[in-house]
Amino acid sequence: MQDLPLIPMASFSLGRRRVLPGFAPTLGFTLFYLSLLVLIPLAAVFIKSAGHGWDAFWAAATSPRVVASYRLSFGAALLAAGINLVFGLILAWCLVRYEFPGRKLVDALIDLPFALPTAVAGIALTALYAPNGWVGALFAAGGPLAPLFGEEGLKIAFTPLGILLALIFIGLPFIVRTVQPVLEDMETELEEAAASLGAQRWTTFRFVVLPTLLPALLTGFALAFARAVGEYGSVIFIAGNIPMVSEITPLMIISKLEQYDYVGATAIAVVMLVVSFVLLLVINGLQAWASKRGAR
């Protein structure tokens, strides 16, 4: 049999074509796109706030009313993301591991906060949880559940509690949609093996399930927190906007802009950017640590 000529392997690599262009044009377009949409606007905010001096910046960013809005916005965002972390995991677990009537409908409703305009969500939540709403009337003074919270009952709308509910509503899909694919790819044989070795349910969840889900949970937490910090439309209606009580930081920025106080608006924006970036950096660091620990 006649020997076939040997074809160098380099010819295969030279003939292989990539769908996208090479590294240099791809990286150049990425940097241009990132600079145009993210870096330049953020740099403009810092430059604008620094152009009026440190004293003006500090006075605008640390006034008592603004500090109260920081406390409410970041505190409510962290609390809402933490609540969604627990109930979002439970909801994703039910959607993946169990079959029940209406499962597809529930799965479709998870994405409702994504598709629903934020103003519509805010109006709907306000109408529902206001003292004369369907749910709010149950907790308001004279309602059947009011005695559980004292003579005046519990006021939900137009309080920080109403803000928390709105942030939970808009942040839940981030947890569910981040954890759901990981649960679908997780092998149930590992859980069965742990159970066959005598592990209790909590032990199986802690040492088998949780290490696999932890990076996805942290990612969903970061996304839900980031969305909640900057949320405006769904919160503005249910907040009540009472100074020092239920004013969120995005509202303070809008109020400063309406008063043509650009120094105050940019100063508040810079504080929100820095604090949000630091918190997200910490969360991403925890996510990377959890991924390395799970890979061992």
Side-chain angles (χ1 to χ4, degrees), residues 76-118 120-121 124-125 128-129 133-136 138-139 145 148 156 161-162 164-228 231 234 283-284 286-296:
L78 284 172
L79 184 58
I83 294 173
N84 281 329
L85 191 67
V86 177
F87 291 99
L89 173 60
I90 296 174
L91 185 54
W93 186 278
C94 291
L95 291 175
V96 173
R97 295 298 179 90
Y98 301 104
E99 293 288 342
F100 54 90
R103 175 176 172 271
K104 293 184 178 180
L105 178 61
V106 174
D107 188 60
L109 289 176
I110 297 297
D111 295 326
L112 184 61
F114 288 150
L116 194 66
T118 56
V120 176
L125 291 173
L128 189 63
Y129 290 102
W134 290 352
V135 179
L138 300 176
F139 297 90
L145 300 179
L148 299 176
I156 301 177
L161 180 58
L164 179 64
L165 289 175
L167 297 183
I168 292 174
F169 173 79
I170 57 100
L172 181 62
F174 292 96
I175 304 292
V176 177
R177 293 310 183 207
T178 305
V179 175
Q180 193 172 1
V182 181
L183 278 174
E184 292 174 349
D185 294 337
M186 185 182 297
E187 297 179 357
T188 58
E189 288 80 4
L190 297 176
E191 303 169 37
E192 295 172 357
S196 65
L197 294 174
Q200 300 295 326
R201 293 183 177 182
W202 170 246
T203 303
T204 303
F205 175 79
R206 180 181 176 185
F207 293 101
V208 177
V209 178
L210 187 59
T212 305
L213 294 180
L214 189 57
L217 287 171
L218 291 175
T219 300
F221 181 88
L223 292 173
F225 167 76
R227 171 66 188 275
E231 181 61 23
S234 61
I283 294 171
N284 288 332
L286 292 174
Q287 179 187 357
W289 171 80
S291 299
K292 292 181 180 179
R293 184 181 180 184
R296 293 177 181 176

From CA spacing to verdict: side-chain contact (heavy atoms from CB on, under 4.5 Å), Leu213, Leu89: CA-CA 9 Å; Leu213 294 180; Leu89 173 60; 3.7 Å; yes
Are there over 12 heavy-atom neighbours, none belonging to Arg103, within less than 6.0 Å of that residue's CZ? yes
Measure the shortest side-chain to side-chain distance between Ile110 and Gln180 over non-hydrogen atoms and say whether it is less than 4.5 angstrom. no
Flag side-chain contact, heavy atom, 4.5 Å: Leu85 against Phe174: no
In terms of heavy-atom contacts, Ala80 and Leu167 come closest through CB-CB, 3.7 Å
Gap between atom CG of Leu217 and atom CD1 of Ile283 - 0.5 Å precision: 12.0 Å
What is the distance from atom CG of Leu218 to atom CG of Leu223, rounded to the nearest 0.5 Å? 11.0 Å
Taking all non-hydrogen atoms of both residues, which atom of Asn84 and which atom of Gly171 are closest, and how far apart? ND2-C, 3.4 Å
Over all atoms of both residues, closest heavy-atom pair of Pro173 and Pro113: CG-CG, 3.6 Å
Determine the minimum heavy-atom distance between Ser234 and Ala166, stating which atoms define it. O-CB, 3.7 Å
What are the two closest non-hydrogen atoms of Ala76 and Leu164, and how far apart are they? O-CD1, 3.7 Å
Leu172 side, atom CG; Asp111 side, atom CG - distance, nearest 0.5 Å: 10.5 Å
Rounded to the nearest 0.5 angstrom, the CZ-CD1 distance for Phe87 and Ile175 is 12.5 Å
For Trp134, which residues count as a side chain to side chain contact (heavy atoms under 4.5 Å, CB included) partner, sequence neighbours excluded? Leu128
Is the CZ atom of Arg206 crowded by more than 12 outside heavy atoms at less than 6.0 Å? no
Between Val209 and Met186 the two heavy atoms that sit nearest each other are O-CE, 4.0 Å
How many angstroms lie between OG1 in Thr204 and CG in Leu210, if you round to the nearest 0.5 Å? 12.0 Å
Residue pair Thr118 / Ile170, side-chain heavy-atom distance below 4.5 Å: no
d(Leu109 CG, Lys104 NZ) to nearest 0.5 Å is 14.5 Å
Can you confirm whether Glu189 is buried at CD, in the sense that more than 12 heavy atoms of other residues, nucleotides or ligands lie under 6.0 Å from that atom? yes
For Tyr98, enumerate each residue passing the side chain to side chain contact (heavy atoms under 4.5 Å, CB included) test, keeping only those at least two apart in sequence or located in another chain. Trp93, Cys94, Phe100
Does the side chain of Phe169 come within less than 4.5 Å of Leu116's, by heavy atoms? yes
